[in-house]
Amino acid sequence: MTLSLTDSPAFSWKFLESYLRRYDVHAARHLELLGEVRSRLEAFDLGRNADRAASFLCDKDVSREGEAAAGSGRLAAAANMAEELERLRYQLLNERAAALGEEDLRATEELDRIYARLVDRRTPDGRRARRLLWNPDFARDAVERLEQSLDPALPLEALTASARRLTEEHFAPESGDRPGKGGRHRVLLYAPLYLSNYCVNGCVYCHFRFDNPMPRIHLSPERAVEEAEYLVARGMRHILLVAGDYPQLTGIDYYVSVVDALRRRFAGQWTVEIAAQSTASYARLAAAGVLGVTLYQETYDLSRYAVLHPRGPKTRFDRRLETLERAAEAGIRRLGLGILLGLAPAAEDARTLVRHALYLRQRFPHCTLAVSLPRLHRPPEGFAVPHPVDDATLVRLYCGLRHALPDAELVLSTRETASLRDYLAGVCVTQLSAGSSTAPGGYGDRAAGRAAAGGEQFPVNDERPVEEAAQALRRQGLAVVWESA
Ligand code: SF4
């Protein structure tokens with residue numbers, strides 16, 4: 001099934017007005033907004049007249065000076081309208097989630113088409129994840145390849161051999177710090193840098209959740225630079241900035257100032273794993289030099305998602321679901337997605353994950369996809385992992401992803417043991433974190449020889465220093481690289 005293009009320049013204003021009157025508790029304000037947007041679009045044909053209007057929201061090439069210059073008059077007004085329209089769309093998706101039907105999908109897709117026109121969005125397709133990710137006809141072949149990999153009747157040796165072949169076909173290095181032997185693939189080593197463990201959300205499986213008594217730490221940009229110094233001294237060039245969701249401390253201005261400070265001091269590749277942002281905020285991150293955004297849906301099972309995420313902004317399933325689309329529309333080039341194994345039946349979630357990846361691939365063919373299957377090991381007290389996944393199933397799932405998504409980066413963290421990580425790196429994983437601390441300030445503690453202050457997000461099971469992890473990969477003939485192409 002292919003995605004349909006935004007097919008008609010005519011918008012269904014009457015339908016939207018009627019829909020809002022019936023379902024929107026803030027209909028009065030939003031009807032007014034719709035009127036303003038309509039006048040705006042009718043007054044200026046944004047695309048044809050090259051009036052860039054709010055396009056700076058979605059154009060990574062526009063500098064922040066340009067953005068500042070645009071921050072007045074009608075351009076700012078269009079940008080504000082676009083942001084309000086985006087918020088309205090998610091409000092409707094959130095409020096109608098339990099009974100989302102064809103009419104709701106039509107209304108939210110129509111709002112997306114209007115939004116796209118308002119911001120002069122460059123990608124031809126609209127946001128349609130809700131319609132496609134649970135459609136068994138979408139990405140059917142890839143999902144079948146995943147399912148075949150999970151079939152216990154298929155011997156593990158045959159499965160891993162074919163996953164290895166596919167990985168070598170797509171990831172044999174052209175260069176690296178040590179070229180692979182006999183066509184072995186390359187593995188990128190990266191490190192997380194935790195900025196803050198304050199969080200307003202209540203994800204029941206996470207040590208950072210708001211009501212878990214633990215040391216809370218928030219790094220200034222200067223301390224983030226100190227943490228990065230520790231990592232860079234150990235060869236790291238690709239660093240993932242991680243933080244909980246605490247709007248007063250970790251707003252977009254904070255992230256931009258951290259990235260600015262890091263980029264002034266180090267060359268390198270900076271990616272983020274932070275709370276879901278608006279398209280406009282992702283545009284600021286892209287302009288600041290952020291290469292990638294990672295955000296896991298955790299589970300695609302809507303009813304389980306609601307139980308597992310009882311509080312905070314993360315309760316909004318659909319806003320989270322479309323996060324990577326907002327990031328890509330804003331100019332981010334590397335998209336990281338995944339599920340947290342243990343929360344829901346793994347095969348079911350993995351099927352939807354594959355559809356999600358292929359949906360993103362269709363909308364954003366220029367982006368690199370990086371897919372991960374983090375597994376819950378030792379959750380906070382009081383939470384029992386409802387759907388544990390054993391090692392053999394984890395291996396089958398990773399091989400299944402390789403068969404379904406042959407050219408996607410597959411990522412594995414230090415949640416897993418050294419031996420399992422080395423094994424999976426030899427089969428199909430192409431990106432490994434190494435030498436990780438999952439607490440803000442954790443590298444500074446190590447550098448000073450201090451005991452960790454606590455505040456980790458999850459326990460690390462592979463505690464090898466970076467160089468030891470790299471040597472283990474080289475012994476398998478794999479090429480270790482420190483930056484992605
Ligand atoms: S999973 Fe993320 S959003 Fe949820 S409590 Fe942990 S840090 Fe906060």
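We count ligands from 1, going down the list as the structure has it; atoms in each ligand are counted the same way.
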Worksheet item: Is it the case that R89 places NZ or CZ above or below the six-membered ring of Y115, under 6.0 angstrom from the centre and within 45 degrees of the axis?
Response: no

Practice prompt. Using a strict cut-off of less than 4.0 Å between a Lys/Arg side-chain nitrogen and an Asp/Glu carboxylate oxygen, indicate whether D318 and R316 qualify as a salt bridge.
Written response: no

Worksheet entry | D407/R361 ion pair, N-O < 4.0 Å | yes

Worksheet item: Does H207 bring an N, O or S atom to within less than 2.8 Å of atom 6 (Fe) of ligand 1?
Response: no

Considering only protein heavy atoms, which is closest to [atom], and at what distance to one decimal place?
atom	value
atom 6 (Fe) of ligand 1	C206 SG, 2.3 Å
atom 1 (S) of ligand 1	K314 NZ, 3.4 Å
atom 3 (S) of ligand 1	N201 ND2, 3.3 Å

Worksheet item: Between the side chains of D24 and Q91, does any donor sit under 3.5 Å from an acceptor?
Response: yes

Fill in: Element-labelled atoms of ligand 1 that are located less than 4.0 Å from some non-hydrogen atom of C203
1 (S), 3 (S), 4 (Fe), 5 (S)

Worksheet item: Which word best sums up how the rings of Y254 and H218 line up, parallel for under 30°, tilted for 30 to 60°, or perpendicular for over 60°?
Response: tilted

Discussion item. Taking backbone and side chain together, does C199 place any N/O/S atom at a distance below 2.8 Å from atom 8 (Fe) of ligand 1?
Written reply: yes

